[in-house]
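See structure below.
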Amino acid sequence: MGRRLTWRRTDLSVGPVDAALALLGATVESTTEDGTVAVRLTEVEAYGGSDDPGSHAFRGPGRRNATMFGPAGLAYVYFTYGMHWCLNVVCCPDGEPGAVLLRAGEVTRGLDLARTRRPGASDRDLARGPARLTRTLGVTGAADGVDLLDAGSPLRLTARAPTPAEVVWGPRVGVAGEGGSTPWRVHLAGDRTVSVYRPATPRRKPTAFG
DNA sequence: CCGACGATTTCCT
DNA sequence: GGAAATCGTCGGT
C-alpha cells in the first residue's frame with residue numbers, strides 16, 4: 001500500500017489524530033537568511049477543539065489561538081513559559097479547531113546551522129522536544145499563520161513518509177487535568193530522538209514561609 | 001541517574 | 001492573579 005509522498009491540503013484536513021499519523025516521519029523545512037534546516041518528525045501530539053480540555057481551543061477562539069480555527073496546513077505557533085515557541089500544524093477544515101504539535105525530530109539537513117542554534121547540545125538533542133525543535137529550526141511567532149503547504153513559504157512541509165512500521169501512542173506531555181490521560185501523543189517506536197515523557201507538574205506557589 | 005526548581009511573559013478568568 | 005502543550009541547571013544518591 002504505497003502512499004503518495006507529496007502533500008495535498010486534504011491529507012491534513014482529517015482531524016488531529018489522523019493528521020498526527022500522517023505527519024510522523026515527514027519533513028519540516030525552515031529557511032532563514034542564515035540557511036536551511038530540515039527535521040524529520042519522530043514525535044507529535046494531537047489537540048482537538050471544544051471537546052478537548054487539553055487544547056488551546058477548548059474555550060473557543062482568542063487572540064493566541066486564532067490560527068487554530070483556520071484551514072488545514074497552516075502553522076500555529078504560540079509562545080509559552082515566558083521563553084519558548086511551539087509549532088503546530090492546523091489539521092481541520094476552516095472554522096473547526098484542531099492541530100498537531102510537533103514535539104521532536106531528527107535534523108536531516110543543515111546540521112551545521114542547527115548546531116549553532118543549540119550551542120552545547122548533542123546532535124540527538126537538537127530537536128528532541130517542542131521548544132528545542134523550534135529553536136533548531138529558527139521558528140518564532142513570525143511564522144504563525146504561514147502556509148506549510150506552499151513550497152515558497154519560509155517554513156514548509158516537504159516530503160511525506162511511508163506509513164511507519166511501528167508507532168507508540170501514549171498520554172500527552174505536560175497536559176494537566178481531564179485532558180491529561182487522553183493518549184494523543186504518538187512517536188516512532190525505538191527512535192532515539194523522541195523526547196522523554198513527563199506528566200504535568202503543578203508548581204508550588206511561593207509562600208510567606210519560604 | 002533522578003527529582004526539584006527557577007526563568008520569564010502572555011493570555012484568560 | 002495564576003497557570004502555562006518547557007528547558008537547563010543544580011544537588012543528591
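Basis for what follows: all heavy atoms, side chains included, without hydrogens, waters or symmetry-related copies.
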Original post:
Expressed in whole Å, how much space separates the P atoms belonging to C/dA5 and B/dG3?
Top reply: 22 Å
Original post:
Please give, in whole Å, the distance from B/dT8 P to A/W85 CH2?
Top reply: 16 Å
Subject >> Under 3.5 Å side-chain donor-acceptor pair for A/T31 and A/R156 >> reply: yes
Original post:
Separation of A/R64 atom CZ from C/dA3 atom P, in whole Å?
Top reply: 15 Å
**OP:** Take atom CG of A/N65 and atom P of C/dA4, then tell me their distance rounded to the nearest Å.
**Re:** 16 Å
Subject >> Identified pairing partner of C/dA5, criterion: Watson-Crick or G-U wobble below 3.5 Å >> reply: none
**OP:** Mark yes when over 12 heavy atoms from residues, nucleotides or ligands other than A/R124 sit less than 6.0 Å from its CZ; otherwise mark no.
**Re:** yes
**OP:** Round to the nearest Å and state the distance from A/Y78 atom OH to C/dA3 atom P.
**Re:** 18 Å
**OP:** To the nearest 0.5 angstrom, please state how far the CG atom of A/D112 sits from the CG atom of A/D34.
**Re:** 12.5 Å
Subject >> Interatomic distance, A/Y81 OH vs B/dT8 P [rounded to whole Å] >> reply: 16 Å
Original post:
How far apart are the C-alpha atoms of A/T158 and A/R109, what are their side-chain angles, what is the distance that settles it, and do they pass the side-chain hydrogen bond (donor to acceptor under 3.5 Å, both in side chains) test?
Top reply: CA-CA 12 Å; A/T158 55; A/R109 182 179 168 189; over 6 Å; no
Subject >> side-chain N/O A/R103 vs C/dT6 OP1/OP2, d < 4.0 Å >> reply: yes
Subject >> Atom-pair distance (CE on A/M68; C1' on C/dA5), nearest Å >> reply: 10 Å
Subject >> Residue met sooner reading DNA chain C from 5', once A/R132 and A/A176 are mapped to nucleotides >> reply: A/A176
Original post:
What nucleotide, of C/dA5, C/dG8, B/dT8, holds the atom closest to the side chain of A/M83?
Top reply: B/dT8
**OP:** Classify the nucleic acid contact of A/G54 as base, sugar-phosphate or nothing, counting any heavy atom under 4.0 Å across all strands shown.
**Re:** base
Subject >> Listed nucleotide nearest any side-chain atom of A/R118, set C/dG8, C/dT6, B/dT13 >> reply: C/dG8
Original post:
Contact class for A/R172 vs. all strands (heavy atom < 4.0 Å): base, sugar-phosphate, or nothing?
Top reply: nothing
Original post:
So, is A/R198 near the phosphate of B/dG3, with a side-chain N or O under 4.0 Å from OP1 or OP2?
Top reply: no
Original post:
Looking at C/dA5, B/dT13, C/dC7, which one has an atom nearest to any side-chain atom of A/H56?
Top reply: C/dA5
Original post:
Nearest to the side chain of A/A131 - C/dC7, B/dC12, C/dA5?
Top reply: C/dC7
Original post:
What class does the angle between the rings of A/Y76 and A/H56 fall in, given that below 30° is parallel, 30 to 60° is tilted and above 60° is perpendicular?
Top reply: perpendicular
Subject >> Between C/dA4 (P) and A/R59 (CZ): distance, integer Å >> reply: 11 Å
Original post:
Can A/Y47 be called stacked on C/dA5 when the rule is centres closer than 5.5 Å and an angle between planes below 30°?
Top reply: yes
**OP:** Write down the distance between CZ (A/R185) and C1' (C/dT6), rounded to a whole number of angstrom.
**Re:** 14 Å
